[in-house]
Peer 1: 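What follows is a single structure, and I will ask about it in a moment.
Note that the structure is a prediction, hence the values are computed from the model and not measured. Just so you know, residue 1 is the first one in the sequence shown, and it goes up from there.
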Amino acid sequence: MRPHLALIEDDPDFALMCRTYLEREGFTVTWAMDARAGKAVMHDGGIDLVVLDLGLPDGSGLELLRALRSTSRLPVIVVSGRGDETDRVAGLEIGADDYLVKPFSQRELVARIGAVLRRCRPPEVPTVLDVGTLRVDTAARQASGTGVLLNLRPKEYALLEALARSPGRVFSAEQLLELIWGAAWQQSATVIEHVYRLRGKLSRLPAPAPRITTVRGYGYRLDP
């Protein structure tokens, strides 16, 4: 998919030049010429990165950035004619991911955008988790051991996947309730019951099979 950029810039000639070049480089660009329109674009959803000019006709770009950072970690590159250290530090401290001083080449802008997008991209989550002889396929939401498929209920699978993502790590009952049921206020007996059922199913796999170990006073961990 083409990355979608919000370009918040009050100079129409400069905005047209940037937009034309960025679209030629494979980006989708939505232009806003003031802070009010920029705020609407940023909160519409679907934006991957914001290119934000500080000198806007209806307010400070820094204030717009500050308001955005109170609710979002959307990547932002500040572009400005203000190149002194105080302005650059202010922009970065408020939460800009990069600061580019005008004039700059369009090629450099594309390079900076690419670098920020790569840096802010969430790490890839493996679709297959291998713990000893256990294989958890997170795409298919299935688990097997030595080729034998486990018949798991949805919450049993979710519990096994959570433990398999961090084998050897101890999870408390409260952490597992929050991760799987989304509510730490439920009774810990819910976790105890699901661990009991999951242990029974793991025990029927060909040996050696991973096991769920109880760490008294702390919680549960998956051991290969």
Side-chain angles (χ1 to χ4, degrees), residues 1-129 137-139 141 161-162 165-166 178-179 182:
M1 293 179 61
R2 292 161 63 96
H4 191 174
L5 311 179
L7 175 61
I8 306 174
E9 168 63 57
D10 67 324
D11 183 338
D13 292 332
F14 182 78
L16 178 61
M17 179 178 65
C18 288
R19 183 175 185 174
T20 301
Y21 191 91
L22 290 169
E23 288 180 342
R24 194 173 71 202
E25 291 296 310
F27 298 98
T28 298
V29 181
T30 298
W31 173 44
M33 66 182 303
D34 56 33
R36 181 178 179 181
K39 186 175 181 178
V41 168
M42 289 189 299
H43 288 88
D44 267 351
I47 298 296
D48 297 300
L49 182 142
V50 179
V51 179
L52 174 64
D53 185 16
L54 293 187
L56 300 173
D58 60 343
S60 164
L62 287 179
E63 290 305 315
L64 186 58
L65 175 59
R66 184 178 284 110
L68 176 67
R69 279 293 169 262
S70 68
T71 60
S72 171
R73 282 303 308 162
L74 185 66
V76 176
I77 296 178
V78 166
V79 295
S80 175
R82 308 175 198 168
D84 60 84
E85 182 181 8
T86 301
D87 289 318
R88 294 199 308 274
V89 169
L92 294 170
E93 285 185 340
I94 290 173
D97 296 276
D98 203 349
Y99 194 110
L100 197 52
V101 179
K102 297 178 180 178
F104 51 80
S105 72
Q106 297 299 307
R107 184 178 178 185
E108 181 179 7
L109 176 60
V110 169
R112 298 283 188 109
I113 290 171
V116 170
L117 286 174
R118 287 191 297 273
R119 194 162 66 237
C120 296
R121 185 179 299 131
E124 289 188 12
V125 177
T127 58
V128 176
L129 308 171
D137 187 333
T138 63
R141 297 186 67 78
E161 181 184 323
R165 287 194 180 278
S166 301
E178 185 65 35
L179 279 171

Peer 1: Provide the full list of salt bridge (Lys or Arg N to Asp or Glu O under 4.0 Å) pairs with a residue in residues 7-24, sequence neighbours left out, each pair given once.
Peer 2: Glu9-Lys102, Arg19-Glu23

Peer 1: What's the separation between atom NZ in Lys39 and atom CG in Leu56, rounded to the nearest 0.5 Å?
Peer 2: 13.5 Å

Peer 1: Donor-acceptor check, side chain of Thr138 to backbone of Thr127, threshold 3.5 angstrom: yes or no?
Peer 2: yes

Peer 1: Can you tell if the side chain of Met33 reaches within under 4.5 Å of the side chain of Ile8, non-hydrogen atoms only?
Peer 2: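 Side chain of Met33 against side chain of Ile8, heavy atoms only: no contact under 4.5 Å found.
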
Peer 1: Using the salt bridge (charged side-chain N to carboxylate O under 4.0 Å, His left out) criterion, which residues pair with Arg36? Sequence neighbours excluded.
Peer 2: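 For Arg36, no residue satisfies salt bridge (charged side-chain N to carboxylate O under 4.0 Å, His left out) once neighbours in sequence are set aside.
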
Peer 1: Is there side-chain contact between Cys18 and Trp31, with at least one heavy-atom pair below 4.5 Å?
Peer 2: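 Answer no - side chains too far apart.
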
Peer 1: Does any part of the side chain of Thr28, heavy atoms only, come nearer than 4.5 Å to the side chain of Pro3, both counted from C-beta?
Peer 2: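 Not touching, per the 4.5 Å side-chain cut-off.
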
Peer 1: Rounded to the nearest 0.5 Å, what's the gap from CE on Met17 to CG on Leu109? Could you check?
Peer 2: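 Between Met17 CE and Leu109 CG, I get 9.5 Å after rounding to 0.5 Å.
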
Peer 1: What are the two closest heavy atoms between Ala15 and Leu7, and how far apart are they?
Peer 2: O-CD2, 3.6 Å

Peer 1: Might you work through the side-chain contact (heavy atoms from CB on, under 4.5 Å) test for Leu74 and Leu49, ending with a clear yes or no?
Peer 2: CA-CA 6 Å; Leu74 185 66; Leu49 182 142; over 6 Å; no

Peer 1: Below 4.5 Å, heavy atoms only, C-beta onward: do Tyr99 and Leu54 meet side chain to side chain?
Peer 2: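 Side chain of Tyr99 against side chain of Leu54, heavy atoms only: contact under 4.5 Å found.
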
Peer 1: Centroid separation under 6.0 Å, is that true for the rings of Tyr21 and Phe14?
Peer 2: no

Peer 1: Using only atom types and a distance under 3.5 Å, with no angle test, would you say the side chain of Thr20 pairs donor to acceptor with the backbone of Leu16?
Peer 2: yes

Peer 1: If you measure from the Lys or Arg side-chain nitrogens to the Asp or Glu carboxylate oxygens, is any gap between Asp97 and Arg69 under 4.0 Å?
Peer 2: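 Yes, charged N to carboxylate O under 4.0 Å.
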
Peer 1: Going from CG on Leu5 to OG1 on Thr30, what distance comes out if it is rounded to the nearest 0.5 angstrom?
Peer 2: 8.5 Å

Peer 1: On a heavy-atom basis, which atom in Leu52 and which in Gly61 lie closest, and how many Å separate them?
Peer 2: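 Shortest heavy-atom separation between Leu52 and Gly61 comes out as CD2-O, 3.4 Å.
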
Peer 1: Is there side-chain contact between Leu117 and Phe27, with heavy atoms separated by less than 4.5 Å?
Peer 2: yes

Peer 1: Quick one: OG on Ser70 to CD1 on Ile94, what's the gap to the nearest 0.5 Å?
Peer 2: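 One gets 12.0 Å once the value is rounded to the nearest 0.5 Å.
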
Peer 1: Side-chain atoms of residues 77-85: list all donor-acceptor pairs with protein atoms under 3.5 Å, sequence neighbours left out, distances to 0.1 Å.
Peer 2:
from: Ser80; atom 1: OG; to: Arg82; atom 2: N; distance (Å): 2.9
from: Asp84; atom 1: OD1; to: Thr86; atom 2: N; distance (Å): 3.2
from: Asp84; atom 1: OD1; to: Asp87; atom 2: N; distance (Å): 3.2

Peer 1: Do you know the tightest heavy-atom contact between Ala6 and Val41?
Peer 2: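 Looking at all heavy atoms of both residues, the shortest contact is CB-CG1, 3.7 Å.
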
Peer 1: Checking the side chain of Asp48 only, and the main-chain atoms of His4 only, is there a donor and an acceptor separated by less than 3.5 Å?
Peer 2: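 Yes: the side chain of Asp48 pairs with the backbone of His4.
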
Peer 1: How many angstroms lie between atom CG of Asp58 and atom CG of Asp34, to the nearest 0.5 angstrom?
Peer 2: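 It comes to 4.0 Å.
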
Peer 1: Does Arg119 CZ have over 12 foreign heavy atoms under 6.0 Å away?
Peer 2: yes

Peer 1: Just do the side-chain contact (heavy atoms from CB on, under 4.5 Å) check on Met42 and Leu64 with the steps written out, would you?
Peer 2: CA-CA 10 Å; Met42 289 189 299; Leu64 186 58; 3.7 Å; yes

Peer 1: Nearest 0.5 Å, please: how far is CG in Leu68 from CD in Glu63?
Peer 2: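 Rounded to the nearest 0.5 Å, the CD-CG separation comes to 12.5 Å.
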
